[in-house]
Amino acid sequence: MTRMTRIAIYALAGGRPKRAAEAQKQRAHYGVSVILCLCGLWALPPSAQAQEVTIEQLVATALERAPELQTARTEVAVAAGQVAQAALRPNPMLTATHEHDPGGMAITTVDVEWPLDLFRRPARVATARSAADITSLSIRESERLVASAVREQAGRLLAARRTLDVINEALTAARRMQDLLDRRVTEGGSPRIDANLAAVEALRIEADAALAAGEMEAASIELKAMVGLPPDAPLVLRDSLDTVVASPAVPRLTPAAAMDARPDLREAIARISLADARAEETRRDARSEVTLVAGYARNRYGFPQLGLNQQGMPVPIQDTFYTVTLGAQVTLPFLDRKQGVLASVQAERTRAEATFAARRLAARAEIDAAVAREREARRAVELYATGVRDLARQNVEVMIEGYDLGRFPLVDVLTEQRRYLDIEAGYTGVMARAYQARAALARAFGEMP
């Protein structure tokens, strides 16, 4: 039996023997309800029972099934294809012609040109590999952000669930209080105004419970969408907000080591390397290019007149000649030496350096701020857990004792219980802030499963 239920029964039983009997009856009803609920659960088919998962298991599922990550991972294959293409050498070119003259002349030529691709291939491959590294690091950065988003949304779901549990507990106590007061009014032991006040309080708490249920359902649907699950998929988190916040902090890297390992900073460094690779590729493209040229020609000439051979016999005047040529074509980079492209690449490098400096400054600020928030959030949780909640609970018990002795009206008891619920709501909010601070700290340090 929950504390709020005990408070309601203790406040309104009116006499210790009757109070004990009423509590015994309520416990009996409670036990029957539990048995009926368990029987109903056992009667459900296995497929209707959702499998419980932890937050980190949910994060791992999101990293595997999140739609945005599946789309981003296709870019890895694109980058790999670009690297493979950059490693290929240019194809040779074959040219063939045939000329025929009605007078009997025929010329057949075959030419081959083969670019040597001197000095260009290593720089081209380095550029493609730098671009592939940026693609991989950008995906890692997306995974870091998705993991953080799933943790934060799971925290919102846990906070909404705890809020609903506290409100449902208060609603159960308020309804039992209303039933007890109705019976006491019927027996003439309490005025009608007390029963009306209890009914109003029960309706107010029921409205709060409806809002809290909607918030929890919405948080669950949003979490499923992040993970890549349909809205109607069963999802039950094994963790609770209290246990997660109370769990000890995991060992972490130093801020300097975390900054070296963060994928967004590594991506910024990779963009500087990409700019350097493009600059080197541009310089090599500006050099002379050598193309080997080879040709073969078959020339057949003939005339309509007749000539005499060595024996003095008349023969047609015709002959065939074969020619083979070898050579090379060399480009002379006098005018176009890629000056504009090189200036553009150097500007890109300057921009990449500025981006890295900005990200590094923001990352250090994010880490320091997350450490400070998480430290103070843990302190706030300890204050609520060891001081605020205990005092609020004691105040409720004092008001209940006073009401039982006739010193306080029921409205004062309800006000103090409402204040206790506000304290519980505040405690839930503080624990949610503490959990979000821990999730932000994990994001700042670049932690992933």
Side-chain angles (χ1 to χ4, degrees), residues 1-11 52 54-56 58 148 150-174 205 208-209 211-213 215-216 219-220 223 236-252 368-402 412-445 447:
M1 186 177 298
T2 62
R3 177 171 291 274
M4 293 300 297
T5 304
R6 291 198 303 270
I7 289 174
I9 295 175
Y10 179 76
E52 295 184 352
T54 63
I55 295 177
E56 292 306 314
L58 206 59
S148 176
V150 170
R151 290 191 183 103
E152 292 175 357
Q153 185 61 31
R156 285 188 282 270
L157 176 58
L158 293 180
R161 189 172 70 184
R162 189 183 190 279
T163 299
L164 181 60
D165 291 341
V166 171
I167 294 176
N168 282 334
E169 180 181 341
L171 179 60
T172 301
I205 297 177
D208 292 341
L211 294 176
E215 290 295 330
M216 188 184 73
S220 177
L223 180 60
V236 176
L237 285 179
R238 185 186 307 167
D239 303 307
S240 66
L241 190 61
D242 301 75
T243 57
V244 171
V245 173
S247 62
V250 297
R252 290 188 169 90
D368 293 342
V371 170
R373 288 194 182 96
E374 198 270 341
R375 181 184 64 247
E376 297 304 322
R378 280 190 286 106
R379 182 170 175 269
V381 170
E382 292 176 0
L383 290 174
Y384 260 91
T386 59
V388 178
R389 297 177 69 211
D390 292 339
L391 290 176
R393 189 180 300 114
Q394 291 175 11
N395 292 338
V396 173
E397 293 175 354
V398 169
M399 294 298 296
I400 290 173
E401 291 284 352
D412 292 343
V413 177
L414 295 178
T415 301
E416 196 61 36
Q417 288 181 346
R418 191 175 304 169
R419 185 178 293 112
Y420 176 74
L421 290 179
D422 292 338
I423 294 296
E424 283 294 327
Y427 182 53
T428 301
V430 168
M431 285 196 298
R433 291 283 296 275
Y435 175 84
Q436 297 297 340
R438 181 175 293 189
L441 188 63
R443 180 183 67 247
F445 277 80
E447 295 178 5

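By convention here, the first residue in the shown sequence is residue 1.
- For Glu215, there are no salt bridge (Lys or Arg N to Asp or Glu O under 4.0 Å) partners at least two apart in sequence or on another chain.
- The side chain to side chain contact (heavy atoms under 4.5 Å, CB included) test with Thr428 singles out one residue from Ile423, Leu241, Asp165, and that residue is Leu241.
- Minimum heavy-atom separation, Ser148 to Ala439: OG-O, 4.2 Å.
- To the nearest 0.5 Å, atoms CD (Gln153) and CG (Leu158) are separated by 10.5 Å.
- Looking at Phe445 and Val371, their side chains come closer than 4.5 Å, going by heavy atoms from C-beta outward.
- The shortest distance between side-chain heavy atoms of Met216 and Leu157 falls below 4.5 Å.
- With values rounded to the nearest 0.5 angstrom, Leu383 atom CG is found 9.5 Å from Glu376 atom CD.
- Looking at every heavy atom in both residues, Tyr435 comes nearest to Gly155 through CE2-CA, 3.1 Å.
- Taking every heavy atom of both residues into account, Leu164 and Ala212 meet most closely at CD1-CB, 3.9 Å.
- Residue Arg438 comes nearest to Val245 through the heavy atom pair NH2-O, 3.5 Å, listed as atom of the first residue, atom of the second, then distance.
- In this structure, Val430 and Ala377 approach most closely via the heavy-atom pair CG1-O, 4.5 Å.
- Of the inter-residue distances, the one linking Ile205 atom CD1 with Glu169 atom CD reads 10.5 Å to the nearest 0.5 angstrom.
- Between Ala385 and Tyr427, the shortest heavy-atom distance links the atoms CB-OH, 3.9 Å.
- Taking OG1 of Thr163 as the start and CG of Asn168 as the end, the distance is 10.5 Å to the nearest 0.5 Å.
- The line from OG1 of Thr243 to CE of Met431 is 9.5 Å long, rounded to the nearest 0.5 Å.
- The salt bridge (Lys or Arg N to Asp or Glu O under 4.0 Å) analysis of residues 237-250, with sequence neighbours excluded, yields the pairs Arg162-Asp242.
- Looking at residues two or more places apart in sequence or on another chain, you find a side chain to side chain contact (heavy atoms under 4.5 Å, CB included) between Arg373 and Ala369, Ala437.
- No donor-acceptor pair under 3.5 Å is formed between the side chain of Arg433 and the backbone N or O of Ala380.
- With a 4.5 Å cut-off on side-chain heavy atoms, Leu421 and Asp208 do not count as touching.
- Using a cut-off of 4.0 Å between Lys/Arg side-chain N and Asp/Glu carboxylate O, Arg378 and Glu374 are scored as salt-bridged.
- Summarising the geometry, atom CZ belonging to Arg443 is positioned 9.0 Å from atom CD belonging to Gln436; distances are rounded to the nearest 0.5 Å.
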